[in-house]
Amino acid sequence: MELDLSPKLPRSSYKGNGGSYLDWSPEELPMLREGNIGAAKLALQKNGLAMPRYSDSAKVAYVLQGSGVAGVVLPEKEEKVLPIKKGDALALPFGVVTWWFNKEDTELVVLFLGDTSKANKTGSFTDFYLTGSNGIFTGFSTEFVGRAWDLDESIAETLVSSQSDKGIVKVGEGFKMPEPRPHDRNGMVLNCEEAPLDVDIKGGGKVVVLNTKNLPLVGEVGLGADLVRLNGKAMCSPGFSCDSALQVTYIVRGSGRVQVVGVNGKRVLETTIKAGSLFIVPRFFVVSKIADDEGMDWFSIISTPNPIFTHLAGKTSVWKALSPEVLQASFNVPAEVENQFRSKRVAEEIFFPPPE
């Protein structure tokens, strides 16, 4: 049976007074299960708090909208209280405990993409909450809670039963949350909209790549990532991951067209992609995109911390590295056709501006 590669929107997983949590289902997007990938979004309203939790999966978090505060506790480390804003990327290894808070009027939206190869359910994240009606405390008896934390049973009962909400709550207007510490961002966060560009093609597009050099924690997560901003009507060269990595792409802004070609030269996907949708390119399959008039931005994770891509057009194209005679014989064309094919796009890299 052929895999369904069509882009999908997330479904609502749960809601609270302070916001909602959405995820992509492996039943609706089978490539999640096939590729051991999870994907979800957290949306917090003003004063919304996503209560402390840890996950069964290593993830990359990307702030799609708004600004707020993230609490991060790495195993056996002190809490980092990070100011976060649109464009920020965070690497979240196994064992990290996080909480998220929005104190602004604008909704805070965070995307999570990660590896579910060791998860309870392939293709889905499972979060373990420390508090709330479905939290760790709720599962233990007051006797165990009292003995573990040396508390009177009445205090233990209060801790276990006082929070009736789960996952996301809304704190009172006057409640004082921890103040973010800008220096805590060092080594923890990379803003993809402000970081030095890895690719900048005039009229074509821009790329920032997350790897172990600019965000070392991605090495612990085992994933790489990038933010691509494609200009209006520009094209992203056909290419593939040559180190067997999967590419998971979320459309951040705009819209465009995508084609994916797989085994035996079969086009396995041709569709329009829009902001908010997610799709996955299988290993070694070739993908190319063309933006609509307003341009298109996307954030991707790649299932290796330092990915390597091969592009089939542009000055770094593998075609230009092959001998002319090999190309002529392989295409079964005259020498002048091969020469014209080779001479095009000699100065451009992975993005091609729209035709004049």
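Nothing here was measured: the structure is a model prediction, and the numbers come from that model.
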For this session: Say whether L269 and M296 are linked into one hydrophobic cluster, either directly or through other cluster members, by side-chain heavy-atom distances under 4.5 angstrom.
Result: yes
Exercise. Between D56 and T126, is there a donor-acceptor pair closer than 3.5 Å when you use the side chain of the first and the backbone of the second?
Worked result: yes
Exercise. Would N102 and E107 count as having a side-chain donor-acceptor pair, cut-off 3.5 Å?
Worked result: no
Problem set entry | Side-chain donor/acceptor of S288 to backbone N/O of C236, under 3.5 Å | yes
Exercise. Are V69 and M177 close enough, and set up right, to give a side chain to side chain contact (heavy atoms under 4.5 Å, CB included), and what steps lead you there?
Worked result: CA-CA 9 Å; V69 184; M177 290 291 290; over 6 Å; no
For this session: Determine whether L108 and V63 make a side-chain contact, defined as any pair of heavy atoms from C-beta on separated by less than 4.5 Å.
Result: yes
Exercise. Does any non-hydrogen side-chain atom of P196 lie less than 4.5 Å from one of N214?
Worked result: no
Exercise. Distance only, no hydrogens: is a donor on one side chain within 3.5 Å (strictly under) of an acceptor on the other, for D4 and S6?
Worked result: yes
For this session: Count the heavy atoms belonging to other residues, nucleotides or ligands that lie under 6.0 Å from CG of N332, then report whether that count exceeds 12.
Result: no
For this session: Would you check if N47 and F101 make a side-chain contact, meaning some heavy-atom pair closer than 4.5 Å?
Result: yes
Problem set entry | Between OH on residue Y54 and CD1 on residue I136, distance to nearest 0.5 Å | 4.5 Å
Problem set entry | Atom pair CD1/CD1 of I290 and I273 - distance to nearest 0.5 Å | 10.5 Å
Seminar exercise, completed: d(L197 CG, K206 NZ) to nearest 0.5 Å is 6.5 Å
Seminar exercise, completed: Closest non-hydrogen contact found for P75 with F94 is CG-O, 4.0 Å
For this session: Flag yes if more than 12 heavy atoms outside R147 fall under 6.0 Å of its CZ atom; otherwise flag no.
Result: no
Problem set entry | Salt-bridge present (D23, R11; N to O < 4.0 Å) | yes
Exercise. To the nearest 0.5 Å, what is the distance between NZ (K85) and OG (S67)?
Worked result: 9.5 Å
For this session: Decide, yes or no, whether a salt bridge links K233 with D292 under the criterion of side-chain N to carboxylate O below 4.0 Å.
Result: no
Problem set entry | Side-chain heavy atoms of I37 within contact of M31, under 4.5 Å | no
Seminar exercise, completed: Correct closest heavy-atom pair for R185 and L82 would be N-CD2, 3.8 Å
Exercise. About how many Å separate OG of S141 and CD of E157, when rounded to the nearest 0.5 Å?
Worked result: 10.5 Å
For this session: Let me see the working for R253 and E294 under side chain to side chain contact (heavy atoms under 4.5 Å, CB included), right down to the final yes or no.
Result: CA-CA 9 Å; R253 183 195 67 84; E294 74 272 27; 4.3 Å; yes
Exercise. Hey, is the main chain of K266 close enough, under 3.5 Å, to the side chain of N264 for a donor-acceptor pair?
Worked result: no
Exercise. Do I84 and W100 have side-chain heavy atoms sitting under 4.5 Å apart?
Worked result: yes
Exercise. Are I280 and L22 connected in the hydrophobic side-chain network, where two residues link if heavy atoms are under 4.5 Å apart?
Worked result: no
For this session: Might you work through the side chain to side chain contact (heavy atoms under 4.5 Å, CB included) test for Y62 and I301, ending with a clear yes or no?
Result: CA-CA 10 Å; Y62 181 74; I301 64 163; over 6 Å; no
Problem set entry | Other residues, nucleotides, ligands: >12 heavy atoms within 6.0 Å of E336 CD | yes
Exercise. Name the one of R53, K166, K121 that satisfies salt bridge (Lys or Arg N to Asp or Glu O under 4.0 Å) with D127?
Worked result: R53
For this session: Could you tell me which non-hydrogen atom of G66 sits nearest to which non-hydrogen atom of T106, and how far apart they are?
Result: CA-CG2, 4.2 Å
For this session: Please determine if D105 and K46 form a salt bridge, counting it only when a charged side-chain N lies under 4.0 Å from a carboxylate O.
Result: yes
Problem set entry | K8 vs L278, side chain to side chain contact (heavy atoms under 4.5 Å, CB included): CA-CA, chis, key distance, verdict | CA-CA 5 Å; K8 296 291 192 298; L278 184 92; 5.8 Å; no
Exercise. Just by distance, with hydrogens left out, do S323 and E325 show a side-chain donor and acceptor under 3.5 Å apart?
Worked result: no
Exercise. Are V160 and L130 joined in one hydrophobic group, where the rule is that I, L, V, M, F, W and Y side chains link up if heavy atoms are under 4.5 Å apart?
Worked result: yes
Problem set entry | R33 bridged to E27 by N-O distance under 4.0 Å | yes
Exercise. Do S300 and T249 have a side chain donor and acceptor closer than 3.5 Å?
Worked result: yes
Exercise. Picking from V60, V248, L64, V228, what satisfies side-chain contact (heavy atoms from CB on, under 4.5 Å) with F299?
Worked result: V60
Exercise. Is the shortest heavy-atom distance from the side chain of T271 to the side chain of V258 under 4.5 Å?
Worked result: yes
Exercise. Looking only at atom types and distance, does a side-chain atom of N191 sit under 3.5 Å from a main-chain N or O of E194, one as donor and one as acceptor?
Worked result: yes
Problem set entry | Closest approach of P26 to G123 (non-hydrogen atoms, all atoms of both residues) | CD-O, 3.8 Å
Exercise. Distance from L90 atom CG to K80 atom NZ, nearest 0.5 Å?
Worked result: 12.5 Å
Exercise. Would the F240 and F284 ring centres measure less than 6.0 Å apart?
Worked result: no
Problem set entry | Positive for ring-ring contact (aromatic ring centres under 6.0 Å, His included) with F137, one of W149, F128, F144 | W149
For this session: Locate the shortest heavy-atom distance separating A89 from L210; write the atom from each residue and the value.
Result: CB-CD2, 3.3 Å
For this session: Assign the ring pair W24 / Y250 to parallel, tilted or perpendicular, where the plane angle (0 to 90°) is split at 30° and 60°.
Result: perpendicular
For this session: Answer yes if L29 and Y21 sit in the same cluster of Ile, Leu, Val, Met, Phe, Trp and Tyr residues linked by side chain heavy atoms under 4.5 Å apart, and no otherwise.
Result: no
For this session: Establish whether L113 and V209 are linked, either directly or via other cluster members, by ILVMFWY side-chain heavy-atom contacts under 4.5 Å.
Result: yes
Exercise. Are any of the side-chain heavy atoms of L217 and M188 separated by less than 4.5 Å?
Worked result: yes
For this session: Considering non-hydrogen atoms only, spot the tightest contact between T142 and E153 and give its length.
Result: OG1-OE2, 3.4 Å
Problem set entry | Main-chain N/O of S117 paired to D115 side chain as donor or acceptor, under 3.5 Å | yes
Problem set entry | Pairwise side-chain contact, W99 with P178, heavy-atom cut-off 4.5 Å (strictly under) | yes
